[in-house]
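Remarks on the structure that follows.
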2 protein chains.
Amino acid sequence: MPLYTVSHVGNLRVCVVMVGLPARGKSFISHKIVRYLSWLSIKTRVFNVSSYRREEYREQPSADFFHPDNEESKVIRDQANIDAIKDVIKWMNEEDGCVAILDGSNVTKQKRATVAQILRSNRVEPLFLESFCDDEAIVKSNILDINSTSPDYSGKPPGYALEDILTKIKYYETHYEPMDLEDEKELSFIKLINVNSQIIINKIESYLESRIAYYIMNLHIKPRYIWLSRHGESQYNLEGKIGGDADLSERGMKYARKLKDMVEKYVPNHDKLEVWTSTLRRTQQTAQFLPNPKKQWKALDELDAGSCDGLTYEEIAQRFPEDFAARDENKFEYRYRGGESYRDVIQRLEPIIMELENQENVLVITHQAVLRCIYAYFMNSPQEKSPWMSIPLHTLIRLEPRAYGTNVTRIKANIPAVSTYKEKGTSKLGESQNSAHVMAGEVITSDVANQ
Amino acid sequence: MPLYTVSHVGNLRVCVVMVGLPARGKSFISHKIVRYLSWLSIKTRVFNVSSYRREEYREQPSADFFHPDNEESKVIRDQANIDAIKDVIKWMNEEDGCVAILDGSNVTKQKRATVAQILRSNRVEPLFLESFCDDEAIVKSNILDINSTSPDYSGKPPGYALEDILTKIKYYETHYEPMDLEDEKELSFIKLINVNSQIIINKIESYLESRIAYYIMNLHIKPRYIWLSRHGESQYNLEGKIGGDADLSERGMKYARKLKDMVEKYVPNHDKLEVWTSTLRRTQQTAQFLPNPKKQWKALDELDAGSCDGLTYEEIAQRFPEDFAARDENKFEYRYRGGESYRDVIQRLEPIIMELENQENVLVITHQAVLRCIYAYFMNSPQEKSPWMSIPLHTLIRLEPRAYGTNVTRIKANIPAVSTYKEKGTSKLGESQNSAHVMAGEVITSDVANQ
């Protein structure tokens, strides 16, 4: 039985070269691409040019460093770009890196030509990605975001960042040459104009590059929430069995009723909310009291346990002891006989993620393994950890994607349920985690995932 | 058990309005979009404006009809456009159509503004799709294609079409206004420049529209072949069982060896061929003698028969008589208990189709139901027919996608195998279809699928 699906990227090595003035969302886009491709098991890394500068200067230089007439600093800045590219190539050669993001400004044609030439001579395909923005409202909102969240300005007095970024922008503007559809038509590039109100895609031929373009097309920066929930407790949960297509337990049904109240109470614009379920009974029963429009997705069905479907973990440990151990060893890659691995689930969830990036008001009601994968994407959590994440029953999760991370709020319904969390190396399920919180109302906890 | 997955398009109704001079591949693109979306069960139809003209004129008018000073014909042409749009709206209202393609030329800003206004006032979102092309080689090749295959010129003397199209282009050029990034920035549009060497995407917000853009991004017009084969005969095939993960039979293994010779003999550039298999043993064993790079796709695994996995059709008919009858009744929608329907398979095959559109030299070794779905896409065959298509074992299929259809060549290896074709209403498998062709060499048959 093959343990994993070979990645379908082939031998192509791509360096996404960011282009644009400060405060155009370049780092935001870079991190989103890394998150998306890493989640798909494509080895991807950001190389932040300013961090190469920082090694020279120890600290973030003030805006004067970027003054167009500052010859000394220009040499340092050019060198930082070259150093970063050298690291890109080293990483690709030595660590089999597949996609690098060169997060710099690359504002002149000459600089871009040099970068392209170095990359190509090292068998790396350059893909330029320009964020062009002349919409002042967007720039202003980006500056405020950098001001409050960017690691570049941590520890600086309030107001400092704002002033500094504005001066830096002014300096860069004096020599900024936006990517030219004529002069630079031999380069592969994506030009985003005012986020994605207009997108120009030039000379993109490989499937991987077109996929990056498609992903970026679906990104938006409007503030929004994504709502997630597992189905209510099922009969199989009570019996400790996995898989199947069981009905909700009595307590599960209680959660379904409660979910309606929770949505009304916590979801702004809940009358415009769309509810997605899997094709399995327990998610549809959980959604049944919600008056919202519903969509069933086969792609949201639980990880297929193949021959182990309908067994308890104890039965699996007895009947397939080698498989049971192998799964604990590498739960991400392990594929049940005749079933799926976490990696397989991620492949089929890709269209869901793409659509979630595009949508604004969705509640996804699905299963433990599937929720773990969706959650891992938004929280940018490393692959090998996702199969071990704890996502308890009877909890509504609110994700708030932000420029530099995702805010999470967990709202626990006050309804006890069994725990379905199995610790590594055991066949027993954990103690119920919800019963400790039996209170009059819901229990709300918050968390932030940084990128 | 839900019988089908709800389509995830929502209530959006889109009219793709084609823009461009004659011989810019507008009909080709229109038909590709229809094929792709229909295959995904999104109700889509082309409304060809020139066919509305033909109703007035009975025959294809000569180029003079399109002379810019021909006032009388201008009125007729404008009316044809309006009539076609009326039919678009009627079809959406009465038949729940989701995506219409208005295949006309719409070469002036004023005409496009009128079209947008009429559509919007009928709650249809206009998406303009311009094919702009100033590369003479591409235009010339398109003209030759129209000359030889377009229904517009059937029955005309040779050379007539060429002359006629060139005059028509000249007339249209006098008043052609390409889509303007500034003046028309309030319209949603996709502008293809020289096929897809440059693509401009303006104001595309909905998921459905971004998906159409992505699909077009992956299209290319270079001549190419796609190679398909089922795995060799398996032990389960011999026993009449479905599903499972069986090894090849002795004859199956013979086919695997023969496949290597057939690839060498029939596939041009076979040293650059990439081989895709499923994650199941029988496809990998079939590919084992090919020296080419291989990729395993979970998405290419056979339709999951759930509770019926490992049974013969006779056993299914006995154990689940109602399901057996229901499946014969609607094989496309029927989902095996705990398994998949053909519709489910199509959903998971979508990334495969997208990548196949982008690639140039691939051999896909997969399973009966999966091959039927891929084949149905390229042959533009109606959904309900695809589960009943005959795709015998031990046959290499060559698809050659062309502007107005796909040419198919079937090369039968001279190795007998059981038939796995089950006729509607019976639980018996058909007679071996290959044994009739036992000959010294391969048997080659050709076919063309018109759109």
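Letters A, B, ... are given to chains in the order of the sequence lines, protein chains preceding strands, and every chain is numbered from 1. These numbers come from a predicted model, not from an experiment.
- Contact check for B/L127 versus B/I190: side-chain heavy atoms found under the 4.5 Å cut-off.
- The pair A/K191-A/E130 meets the salt-bridge criterion, with a side-chain N (NZ, NE, NH1 or NH2) lying under 4.0 Å from an Asp/Glu carboxylate O.
- Under the 30°/60° scheme for interplanar angles, the aromatic rings of B/Y214 and A/Y214 are found to lie parallel.
- Interface residue B/S206: only backbone heavy atoms are found under 4.5 Å from chain A.
- Looking only at heavy-atom pairs under 4.5 Å with chain B, the residue among A/H220, A/M354, A/K185, A/R348 that has the most is A/M354.
- Using a 4.0 Å cut-off between a side-chain N of Lys or Arg and a carboxylate O of Asp or Glu, A/K295 and A/E355 qualify as a salt bridge.
- For chain B, the nearby parts of A/S210 are the backbone and the side chain; heavy atoms of each come within less than 4.5 Å.
- Both the backbone and the side chain of A/N202 have a heavy atom closer than 4.5 Å to some heavy atom of chain B.
- Residue B/E357: no heavy atom, backbone or side chain, is found under 4.5 Å from chain A.
- For an aromatic pair to be called close, the ring centres must be under 6.0 Å apart, and B/Y334 with B/F332 fails this.
- For B/D304, the part sitting under 4.5 Å from any heavy atom of chain A is the side chain, from C-beta outward, and nothing else.
- Salt bridge present: B/D344 and B/R335 bring a charged side-chain N and a carboxylate O closer than 4.0 Å.
- Using a 4.5 Å cut-off between heavy atoms, A/L181 touches chain B through backbone and side chain atoms alike.
- Most heavy-atom pairs under 4.5 Å with chain A, from the set B/N194, B/I200, B/I199, B/D309: that is B/I199.
- Classification of B/R112 and B/E184 as a salt-bridged pair holds, one side-chain N sitting under 4.0 Å from a carboxylate O.
- Using a 4.5 Å cut-off between heavy atoms, A/E350 makes no contact with chain B at all.
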